[in-house]
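Protein chains get the first letters and strands the later ones, always in sequence-line order, with residue 1 at the start of each.
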Amino acid sequence: MTVGLEHFLVVGALLFCLGLAVALSKRNAIGVLMGIELMLNAVNLTLLSFSRFQDTPHKVAGQTFVVFVITVAAAEAAVALALAVSVYRNRQTVDVDQLNLLKS
Amino acid sequence: MNALKSEPFVLNIGPQHPSTHGVFRVKVTVDGERIIDAEMVMGYLHRSMEKLAEERTYTQNIPFTDRTDYLSSMSNNLGYCLAVEKLATIEVPDRGSAIRVIMAEFQRIASHCMAAGAFTNDTGAWQTPVMWAFREREKILDLFEMTCGARLTCNYMRIGGVAFDLPKEFEPHARKLVDTLPGFVDELEGLMSENEIFLARTRGVAVVPHELAANASLAGPMLRGSGIAWDIRKADPYCGYEKYDFDIPIGYQGDSFDRFIVRLEEMRQSVKIIKQALDGLPSGPHSTQVPLALRPPKGEAYARVEGPRGELGYYLVSDEGPSPYRFHIRPPSFINLSVLKQMTVGHSVADAIVALGSVDIVVGEIDR
Amino acid sequence: MPTRWWTGQEMAEAAERLVPGSVAKSTDAACYLHVEKMLEAMEALRVDPETDFLHLTNTCGVDFWDHFEVVYHVQSFDKNQFGTLKVECWERDDAVLPSVTGVWYGAWMQECETYDLFGIKFEGHPNLHRILLWEGFPGWPLRKDFLSMPGGLQPGLNEFAGTARRDAPPVVVVE
Amino acid sequence: MSLLMLITDNWYDIRDLGNVSHEILYQLDRVLPYSLVYIIAALMGFVASFLIFVLPSQLFVGVLGERKIIGRMQSRYGPNRVGKFGLLQPIADAIKLIQKEALTPKAADKAVMYIAPIVFVAPAVLLFAVVPFGGHSVFADIPVSIVYFIAISGLPVLAAFIGGWSHANKYSLFGSMRIVAMTISYEVPLVLSLLSVVLITGTMRLGGHDGIDGIVQWQRDYHIWLIFLQPLAFLIYFFCVSAELNRTPTDIAEAESEIVAGYLTEYSGMKWGLFYGMDIGYALAAAAFASTVFLGGWSMFGLDRWIPSWLIIIAKTHLFYFIFIWTRGTLPRLRIDQLMTFAWKFLLPLSLANLLVIATEKVIWNKATDGNFDNFWVYIFAAVNILLSVAAVFIWARLLGYRPEATPKRPRLVNTASGYVPIPAPSREVR
Amino acid sequence: MLHLATEAAAHPTVSEGVLWAILAAPFVGWALIVLYVRKLPLVAGWLAAAAVGVACVLSYVVLFNVIAKGGIAVHTHEWFRAGDLVVNFGVRIDGLTAVMLCVVTSVAFLVQVYSNGYMKGDPGIGRYFAHMCLFTTSMIGLVLADNLFMIFIFWELVGLCSYLLIGFWFHKPSAAAAAKKAFIVTRIGDLGLLAALLLIYTRNDGNFDVSAIQAWALNSGTPGYLVTLFALGIFAGAVGKSAQFPLQVWLPDAMEGPTPVSALIHAATMVAAGVYLMARFFPVLEASPDARHVVAWIGAATALIGATIALVQTDFKRVMAYSTVSQLGLMMLGLGALGYVAAIFHLLTHAFFKSLLFLSSGNVNHATNTFDMRLMGGLRKQMPITLVTCVIGSLSLAGVVPLAGFWSKDEILLDAWRDNRGLWVVASLVSAMTAFYMFRAIFLVFFGEYKGGQPVDHHDEDSHFHGDPAHPHEAPLVMWLPLVILAVPAIGAGIFALNHGFRNLIVDALPLEIADQIKSESSFKWGVAIASSAFAAGGILLAWAIYYKQWFSSRSIRMGFAPLTNLFENKWFFDRLYEDFFVKLVLQRGWNRLLELNDKYVVDGVVNGSARVASMASDRLRFIQSGQIQGYGLGIAAGVVAVVIAVYAANPL
Amino acid sequence: MHGAGPNLAFWVLAALTLVSAGGVMVSRNLLHAVLFLIVSFLGVAGFFILLSAPFLGMAQIIIYVGAIAVLVLFAILLTPRAGRDNGETRWAAPGVLLSIALMAVLLFVITDTKWTTAKDAPEITAADLGQALLSTWVLPFEIASVLLTAALIGSIMLVRSPEEEAEDALQ
């Protein structure tokens, strides 16, 4: 059986949903962040699959997008982790259940 | 490592740590990599020598002094013998004094070899300087073996002189060694003092200002590294040191590097003294006859010599008995340690190791 | 020029000049200070340009059965002179002396050692603890009566460190 | 003369091992299905590079040679008991390590502690995949070899980190934090220095041969080694890579005089042995990489026509490795804040400046030769770059406060014991 | 078919390199200071002065070239191209640019020299000079730019530098607050500029070139509302930067910065940038009468508000600040009244005499450690040079006959007279008030008894006042020499009005049609001139009578006009309005407050039950607003699933 | 995608990636979760190489494994008292259910759509990518770099400790 676009898309979808599940269910803020990273990876995978298999004039576009996503992910991780650390400094916890200052 | 600022936690340096030169422990509290508190814990090697010495005769006590500072047994013997001689007013023949000077200076070179080597090892130079230093130290220990049969714990000095006269082959060997030693010091200097990394690691690290050095009773290279020109050999000559021409090396600001170069320079000066002593070695008896069961008159005496680590003092109180009523050693490395906290707090862990190495401790002497 | 070793009388003269009434007695070997005035006299001896004893060379205790003497060997770099000060302590059960760490920082570890081996407490010491022996070691080994411990035992033989009572009274003198 | 007859580019031509493997695969392809040959090719390349290069070098240069050479530097013999000249010492070591009990602390995270050595070893093996041993004998000739190398060499840090973290020891934790902080800092100038190489050569492939662009091929084409063209990049690469490899003077992560053995404190037996062995493996890989990028790889100014190219690169690698041994034998260790300062304040600006200069030169070259690159400009650039590098290093060091003349190296001498001797004005600068 | 001036045969021949060098010189100065000499105050200061000095000399080279050759020259290069967006990077040189360059660099140079004296001993002096250099760079860039995009970039840079310099003593809470205020308030205006930029991007094929925009505005094919929108957009930017009503509130607070900063930025250059921008796009204004009227009347309002507040200020520097606001309003008024030449001319003269006045106030502060006029007086003996220069500046500002200010203000009044008599009335009133408050300040500061200044607070670590305020003294050479130099143009710049050289020079920067039309107008009218002189003289006399002779007690006058003075002293309640209404009320409490009011007066009395419904609803809402991201994430994901399913259900493939 | 090699690689990588992503989900120890995450990243990098984007694969390893994973590890170390617990919150059950629902929807969409695919992989080198980034996509590229700078500065400001802030204020 030859592997085609659908296979990659399925892997991407599964990875995305796993990431979503992690992001939605974990209590530790860093765990949530890991879920988000997984989702971003899944998106990258999907983008690249389309870029590889779809017949478009802009062949480089898919890879370019992946570059941007990786960049943004790096920035996001840096800021998110800095946030986690500074939240920890103030409240001695990174448990998202307890981080609900917005709640009156 | 400011980014890693976290809760302070306690780190044990020792008693089983490669850099404590024996069983000795520093409990440091660190914040990230920065030390905020340091506490010394010692006594793992305590043998209660001062108590034991009260039960033995004056001559029997000489081997104990070997075992306090085992890296400079000759100097310890000398200090103790001087104290007893002072207590009992015993004259030492000239040849005996000259031999004592030669041995003490050789012992100083050997000890400083060890100190410099171990210190460079603490800065992370991977064994090479130690090995180089040991090479020369071995030759000096060969001379000791030739003279008294032992290499480390010599037990060579006696009350009233030295145990044996020098063997015939001693002088040619010693002269040969004395000729090569300055070159060796230059070599070590070229390897370490000219090394930018070594400078960066030791400059400005563990600074002891001269006010603190004087107030904290420091002695030896620690004191001289802080810029205080003080050497018992010059200030209060014993064994005829006033006859020899030599200089006191002193440092600039009292950092680790200053102490290191002071030690190197002292090796050169010791070579100079040994040369003069060998040239002017008088003939005659090497020792005064002293009764084995010596009973000094009632009284007390404090005699001191400039040991490799600093002022090495012996305080004896006699009650006319065959053994000392009170036998107290002024251990230089023990007292030099008292500024360890001031030297390390605020620096990083790596600097604490350098600071500890620059004090040049011998745990046998600290714990006695 | 070799060191000038001061006799006890010279020392006493200087101390008396600086702090009148501080000297208890003087011998050839040493000058004995009153406990109450010892810190004042020592500080004066340290800062006075004539005496200039800014280096506390050595400190130790001596047990004379009925009293303790604490010996302070002091010296001056600039004047190249050396002197001996002594303080007597007649209380064996509760031997207390003021700490000289405020005058000479170098007494820090030596006083700890003296405390450890003689049981002389130094008041005002920043961190007086047993430095060579472990906390809870029974008795003070350098006292002359060390062997006559409670029960006449030599400590450490059949009752070792771990089981030693931590807050037992340190010593009972049997005279 | 009969030897010269062998130089025919046929399978028995040992100048390039690729000829042999190519022949074997060609023959296999006739009888076996393609995918099987694919896998066999991969295995063959792996086994060959491992057997010919990695393992012998590791054992006899990394373990034995290092100990012998350092022994000689320290005026002692080094291992000389097992076998002739101690040649069997590495094997004895290995046997000892395997026999030793591998202790696991009670509080340790056991799974992680077991995984860490494996994670540490795997990338070391992978690194050799892209090192070219000859025009055709590259195990994996991928077009982005340099990036591959950078990516893979970032992995062992993780292993060291989790290894140090796993056994709940403060010294190990210190080592882990230090290694990660240091590696992150030194990765930046490292990549920048390699970027300048990529910039001037215009390719990210390490090897290359006649007709295929590659860094080695570029050096052959222009008859110059990149170390002459970019001395600064080479220096920066050397510093950074020795920091990443934990070699003296930057071995702060396992600084034995400070934090006992850093992240290796609780490892023993073969788990420690894997770390130890693969440290050497990484050093060899870095040396091979440096030889490839900066020292002309398997080329030797035409001599590679006569000498087997794999011998050339092995010789260069070992020569480079000798520098590692040498520094280890002679230099003290730096402190972590000094290392960080060095990376961020010294190497980073210099590598950026270097990149700028190289970019300018590339533009000049493009304009001046109108696309037809020639040697003349390369030699001009080499001369200019060497001068500029020396000047830049010197000037930047002075700017950062390097004043060797202001630091006395001998103590003062006085003849009388007279108390404190003040420092004569002008007071010296305290750094 | 439109004829652009660029197509004319004559154009400046100055080489492009010179123009870039003008831009680069202060920039290099900035880089050097930041990188190397930040810690060396003396080197940094004179390096900055030298860098700006180079730019200044080159600017005069450019000016003379433009005078000789006339016309417009544009040197442009493609900067980057992203998709179909092409952004150029270039310089445009014409009469307007040349004049602005000379003004900016001359004042900047003198201020830099002055700063070397004024800032001596400040710990952050390296930072100060670096910021000043960067500011000069961005201002020069703004002037030289040949397209709106570049103008926007440098515009923002100017704003940034202003922020940094106002907040130079950032450890003072007031300075930090003032910097923030200036930044935020000008940002509001910049939104308008950004909107104009986007308008041009969409409506003019992304061509940002100044000439192209002018042509676009003058093109009869362009819809009028677009031109008006564009004009209002850039005017919004100018309102922010030039502190026009209703965004004038930041400028007086900006006086928290060091005095030379106020002199350079908030008197001579940055605030003039708004006027410059409007002048740059004068054809657009010309093409849109609606926008023009808005500009004129807002300018008039600003002028009036500024002048009235200045009447009652007790802080010497704030008098200057409000005077600046008022004069900027006058310039805008002039532009709105189609007085292109007049506005630029007034900008030129105003730059000189206002920076002169600010620097004088700096000198006074240097001697007395305060800006409070109630603590001064009688300084004429101790500070003669400052007195003379300050009086010259004030006379010029008040518009007394032979001095520069008279000529420029007179032209504005003339244009206002021609355009709308209402505008003329306001402008005349303002000029009378100007004369009054300036001489009030002069008499309070330099005449009468000395009242001791502000004692030095030695515990205040920020204070680095050196002298003794009880015995004031003249400032050192570096500080009074720039004043003397600035006094020369403050006296003599009016000479440009005597023939048509200046007028032709800057009018040449416009497209030909408008240029010809403006050139034909006369620039002097005896009646208006006499009237304005009379107003000025009246103001001065009144001040003399009240504050020097004290024929009337100022206190009684104050009492007599109590409501007005109250209004003026509280700055027309603008700050209160913004603070209390916009910030606190609308933004912070508005919505809740509204609900509460609603609850109290509407709902409560009518149906109690509906209140309960509301509270229950809010309980439900609170459950949703739990503050937990994961809850929100869940919602989002559920929404996505629902949408996808819905889409598929609606149109199955 | 022809031949057994790539096919085999796909299945191995898919198993590796998904199993370790599942590991992130189920592991209770946060450190273990990070290790699983790293393996998952490596698997994705392998996918990239398989999809003829070796440069991106390498970039993925450098950035995700070399930087982001290390950052996460650092963050875990810096929050010691928060525990290493990677347990679930009360949203866990609905979250997982919803994920499954989304998965079902996505799988349905993927299988339901007729994808037009090109047979040949486009030949894209790193040079092409760089060319595209600096010509067509230059504006996003610049914005991304500005974003990175902002993130850098922001993170530094965020994690500064109060003492450091006090030190900065003194200067």
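Closest of all the heavy-atom pairs between F:Ala126 and D:Val144 is CB-CG1, 4.4 Å.
For D:Ile115, no part sits under 4.5 Å from any heavy atom of chain F, backbone or side chain. At a 4.5 Å heavy-atom cutoff, the contact between D:Val147 and chain F is made by backbone and side-chain atoms alike. Residue contact with chain D, scored on non-hydrogen atoms closer than 4.5 Å, involves the backbone and the side chain of F:Leu73 alike.
Proximity of D:Met204 to F:Phe55: side-chain heavy atoms (C-beta onward) are separated by under 4.5 Å at one or more points.
A distance of 7.0 Å separates CD1 of F:Ile38 from CD1 of D:Ile162, quoted to the nearest 0.5 Å. Here D:Asp109 contributes atom CG and F:His32 contributes atom NE2; the two are 3.5 Å apart, rounded to the nearest 0.5 Å. F:Leu42 contributes atom CG, which lies 6.0 Å from atom CG of D:Leu155 (distance to the nearest 0.5 angstrom). The CD1 atom of F:Ile61 sits 8.0 Å away from the OH atom of D:Tyr148 when rounded to the nearest 0.5 Å.
Annotation: D:Lys110, atom NZ; neighbour count of heavy atoms from other residues, nucleotides and ligands within 6.0 Å is above 12.
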* Can you check side chain to side chain contact (heavy atoms under 4.5 Å, CB included) on F:Leu31 and D:Val112, steps first, answer last? -> CA-CA 9 Å; F:Leu31 245 295; D:Val112 177; 5.6 Å; no
